[in-house]
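Everything below concerns the one structure shown next.
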Amino acid sequence: MAAVRTRFAPSPTGYLHIGGMRTALFAWLYARHHGGVFVLRIEDTDRERSTQASVEVIMQGMSWIGLDYDEGPLFQSDRIDRYREVLDQLLEQGLAYRCYCSQEELDAVREEQRAQNIKPRYNRKCRDAKNPSRPGVEPVIRFRNPLEGPVVFEDLVRGRISISNDELDDLVIARADGTPTYNFAVVVDDIDMGITHVIRGDDHVNNTPRQANIFKALDAPLPVFAHVPMIVGADGQRLSKRHGAVSVMEYRDQGFLPEAMRNYLVRLGWSHGDQEIFSLEEMIEFFDLSRVNRAASAFDQDKLRWLNQHYIKEADGERLALLLCQRLRELEVSLEGGPQPAAVVEALRERAQTLDELVGKSLYFFQDVGEYDEGAAKKHLRPAAGPLLEDVRERFAGVDQWAPEVIHAQLHACVEAQGSKLGKVAQPLRVAVSGTAATPPIDETLALVGKQRTLQRIDAALAFIAARAGQDA
RNA sequence: GCUCCCUUCGUCUAGCGGUUAGGACGCCGGCCUCUCACGCCGGUAACAGGGGUUCGAUCCCCCUAGGGAGCGCCA
């Protein structure tokens, strides 16, 4: 049995789309599962729109999510000579022909056909003309598609698909400038690269019969196809910017972990029983194209966030600390005099769904509390909290070992002495020290904030309470 | 318009002729508790519609509806 060879063949005309990333994942997993070869091919025959920058974006995206390739990146633009060679061969064999029809003529024909409610198709004017050439007109090359009979191909996710040749027309395979068009270049490439399984988005199903005919014309065996469904937005419409991020790099920037993204993507349109969490190894072991769903699936940010949180909880602490520091630096937050980033990560990791959130919740450990959260201050920094804060401040001031257990003990001593409850002092403290009403356990939080900063912030809160009392009076 | 494809809770999905139609996210309760979160427990919610086939259809066939894609000298 021939080794499996799959490929990912994006066109470098912008960002790396989430749907493209998932297609790449599936193709990669299929190859890895079968111990086969995964090829990266850049489809840049459209020189107008292709850019080097997008090539880099594609490669970054793949490496971020952990997809390596065994061959490539191969560029179609490097293979122009090869396409020309095949084109000549087809011309010579009469399997393709030159077409001199002008754009205007073609448009007119199409318009006419649309008006008659029939499928717009090339009228094959030049197909059998004895001498169609016109002076001064650079011809395009068209494929001489069979006129009748069915075209059949096997699709691992959809089963056998059959279409009649009389639905197809003689597509252009080379432009007037001699460059090959997509449907032709893919076929030549897939043949030359020995691709056994063509895994791509299902927007290509309708192209497949045309391509199948070219495979036949070239006397090459048909690969197995697998058309994976599209990813749509929450509203069921084609995914676009207005649904939020569509570029994988945006998700990285928003603080998603690559393993979360990968896990989310693999489960979108594919399943292995009820399993939701997959390590890379498990994905490779279990992945199978026949388990890929046929219907389009909606991108669900909430589920992605849930997975991301799962992986944040699981991730190596040092790695997260590094990511945290990196982001704090970008925000120009100084780590000076603050707690160990790794300790902050431990305190916060199960409270954040993204790295962005983690960073947002960690700010008060590293910099002064600016404005108090309005609701929190209103509720907790009230006159009644004054005596408690004063008492606990005094106790804290006398402490040598600034550690959670010690803080905890002092808190309880205070509560007892004041005949109060823990919440009555913890909440005001929390607001004083973080500006918000939600933080990790208070003893842990205070330990991380540090003794000096805690005392200062209690003082500031006391001042705030006093000022407010003055205002009310 | 023509051709092809798709259709199970709001969402991702399991199901492969006989099930109380299962899980996950979300949502709603509850427990835990100094807040938030985690965790745990419980709940809400689906076979697009109509015909067949069959003793029996979510599952097989047909039709309808809805959605998507293609019909380029884009990929």
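None of the values given here were measured: they were computed from a predicted structure. Here is how names work: the chains are called A, B, and so on, in the same order as the sequence lines, proteins then strands, and each is numbered from 1.
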Which nucleotide wins on minimum distance to the side chain of A:S271, given the candidates B:rU11, B:rU13, B:rC6?
B:rU13

For the pair made of CZ in A:R110 and C1' in B:rG1, what is the distance, rounded to whole Å?
16 Å

B:rU58 to B:rG49 separation - P atoms, rounded to the nearest Å:
10 Å

Which whole-number value in Å describes the distance from A:R98 CZ to B:rC73 P?
18 Å

Within the structure shown, what part of the strands sits under 4.0 Å from A:R158 by heavy-atom distance: base, sugar-phosphate, or nothing?
sugar-phosphate

Decide whether A:Y251 and A:Q301 meet the rule of one side-chain donor and one side-chain acceptor closer than 3.5 Å.
yes

A:F75 CZ to B:rA75 C1', straight-line distance once rounded to whole Å:
16 Å

Could you tell me which nucleotide pairs with B:rU19 by Watson-Crick or G-U wobble geometry, both distances under 3.5 Å, or answer none if nothing does?
none

What integer number of Å spans the C1' atoms of B:rG15 and B:rC9?
14 Å

Looking across every strand, which nucleic acid part, if any, lies under 4.0 Å from A:R210 by heavy atom: base, sugar-phosphate, or nothing?
sugar-phosphate

From the list B:rA24, B:rC73, B:rG68, which nucleotide is the closest neighbour of the side chain of A:E276?
B:rA24

Using the P atom as the point on both nucleotides, what is the distance between B:rC25 and B:rG68, in whole Å?
30 Å

Base, sugar-phosphate or nothing for A:R238? Non-hydrogen atoms, less than 4.0 Å.
sugar-phosphate

Across all strands shown, which nucleotide pairs with B:rG66 by Watson-Crick or G-U wobble geometry, both distances under 3.5 Å?
B:rC6

At under 4.0 Å between heavy atoms, how does the protein contact nucleotides 27-47 of chain B? Give one character per nucleotide, 5' to 3', with B, S or -.
-------BBBBSS--------

A quick test of your reading: do over 12 heavy atoms of other residues, nucleotides or ligands sit less than 6.0 Å from CD of A:Q52?
yes

For B:rU53, give its Watson-Crick or G-U wobble partner with both distances under 3.5 Å, or none.
none

Watson-Crick or G-U wobble partner for B:rC71, using a 3.5 Å limit on both distances?
B:rG1

Given that both distances must come in under 3.5 Å, which nucleotide forms a Watson-Crick or G-U wobble pair with B:rG42?
B:rC28

Distance in angstrom units between A:N213 CG and B:rG70 P, rounded
19 Å

Tell me whether A:R7 is salt-bridged to A:D189, with the criterion being a basic N under 4.0 Å from an acidic carboxylate O.
no

Under the 3.5 Å rule, do the base of B:rA69 and the side chain of A:N206 count as making a donor-acceptor pair?
yes

Under 3.5 Å between N/O atoms: give me all the protein pairs with nucleotides 57-65 of chain B, atom names plus distance.
none

Rounding to a whole Å, what distance do you find between A:E104:CD and B:rC73:P?
13 Å

Mapping A:Y182 and A:I163 onto RNA chain B by nearest heavy atom, which one lands closer to the 5' end?
A:I163

Determine: side-chain N/O of A:N293 to OP1/OP2 of B:rA14, distance under 4.0 Å, yes or no.
yes

When rounded to the nearest Å, what value does the distance between C1' atoms of B:rA21 and B:rU44 take?
16 Å

Side-chain contact, heavy-atom cut-off 4.5 Å: A:S297 with A:R22?
yes

Given the structure, check if the side chain of A:N207 and the base of B:rG70 hold any donor-acceptor pair shorter than 3.5 Å.
no

Taking the P atom of each, how far is B:rU7 from B:rU13, in whole Å?
11 Å

Which part of the nucleic acid, if any, lies within contact of A:H204, taking any heavy atom under 4.0 Å across all strands shown: a base, the sugar-phosphate backbone alone, or nothing?
base

Which of these nucleotides, B:rA75, B:rG72, B:rC5, is closest to any side-chain atom of A:I161?
B:rC5

Under 4.0 Å: is that the gap between some side-chain N or O of A:Q103 and OP1 or OP2 of B:rG72?
no

Measure centre to centre between the rings of A:H204 and A:Y182, then say whether the value is under 6.0 Å.
yes

Which nucleotide in the list B:rG1, B:rC12, B:rC6 gets nearest to the side chain of A:P120?
B:rG1

Distance in Å, A:E259 CD paired with A:I312 CD1, rounded so as to fall on 0.5 Å steps:
9.0 Å

Regarding A:V172, tell me which of base, sugar-phosphate or nothing describes its non-hydrogen contacts under 4.0 Å with the strands shown.
sugar-phosphate

A:R41 versus A:P10, closest heavy-atom pair with distance
O-CD, 3.2 Å

Give me the distance, rounded to whole Å, that separates B:rC32 from B:rC16 when you measure between the P atoms they each carry.
41 Å

Applying a 4.0 Å non-hydrogen cut-off, can you work out what A:A176 is touching in the nucleic acid: base, sugar-phosphate, or nothing?
base

Would you check if the distance from the ring center of A:W402 to the ring center of A:F396 is below 6.0 Å?
yes

Ignoring backbone atoms, test whether A:S297 places a side-chain nitrogen or oxygen under 4.0 Å from the OP1 or OP2 oxygen of B:rU13.
yes

Compare the minimum distances between each of B:rC71, B:rC12, B:rA75 and the side chain of A:R267, then state the nucleotide with the smallest one.
B:rC12

Which part of the nucleic acid does A:Q237 contact within heavy-atom distance under 4.0 Å: base, sugar-phosphate only, or nothing?
sugar-phosphate

Rounded to whole angstrom units, what separation is found between the CZ atom of A:R305 and the P atom of B:rC25?
15 Å

Only one of A:T6, A:I199, A:V266 forms a side chain to side chain contact (heavy atoms under 4.5 Å, CB included) with A:L29, so which one is it?
A:V266

Any heavy-atom pair between the side chains of A:Y69 and A:M59 that's under 4.5 Å?
yes

In whole Å, what separates the C1' atom of B:rG23 from that of B:rU8?
13 Å

Please determine whether a side-chain nitrogen or oxygen atom of A:R291 lies at a distance below 4.0 Å from atom OP1 or OP2 of B:rU13.
no

Salt bridge (Lys or Arg N to Asp or Glu O under 4.0 Å) assessment of A:D391 paired with A:R395
CA-CA 6 Å; A:D391 180 75; A:R395 291 171 191 276; 2.7 Å; yes

What's the gap between B:rA14 and B:rU53 when it is taken at their P atoms, as a whole Å value?
30 Å

Rounded to whole Å, OH of A:Y100 lies from C1' of B:rC73 at a distance of 15 Å

CD1-CG distance between A:I191 and A:L222, expressed to the nearest 0.5 angstrom:
9.5 Å

Find the distance A:L106:CG to B:rC73:P and express it as a whole number of Å.
7 Å

Please step through side chain to side chain contact (heavy atoms under 4.5 Å, CB included) for the pair A:E276 and A:H310, ending with a clear verdict.
CA-CA 11 Å; A:E276 296 286 350; A:H310 168 82; over 6 Å; no

Position toward the 5' end of RNA chain B (nearest nucleotide), A:F299 or A:G236
A:F299

Of A:R127, A:R98, A:K125, A:R144, the one forming a salt bridge (Lys or Arg N to Asp or Glu O under 4.0 Å) with A:D170 is A:R127

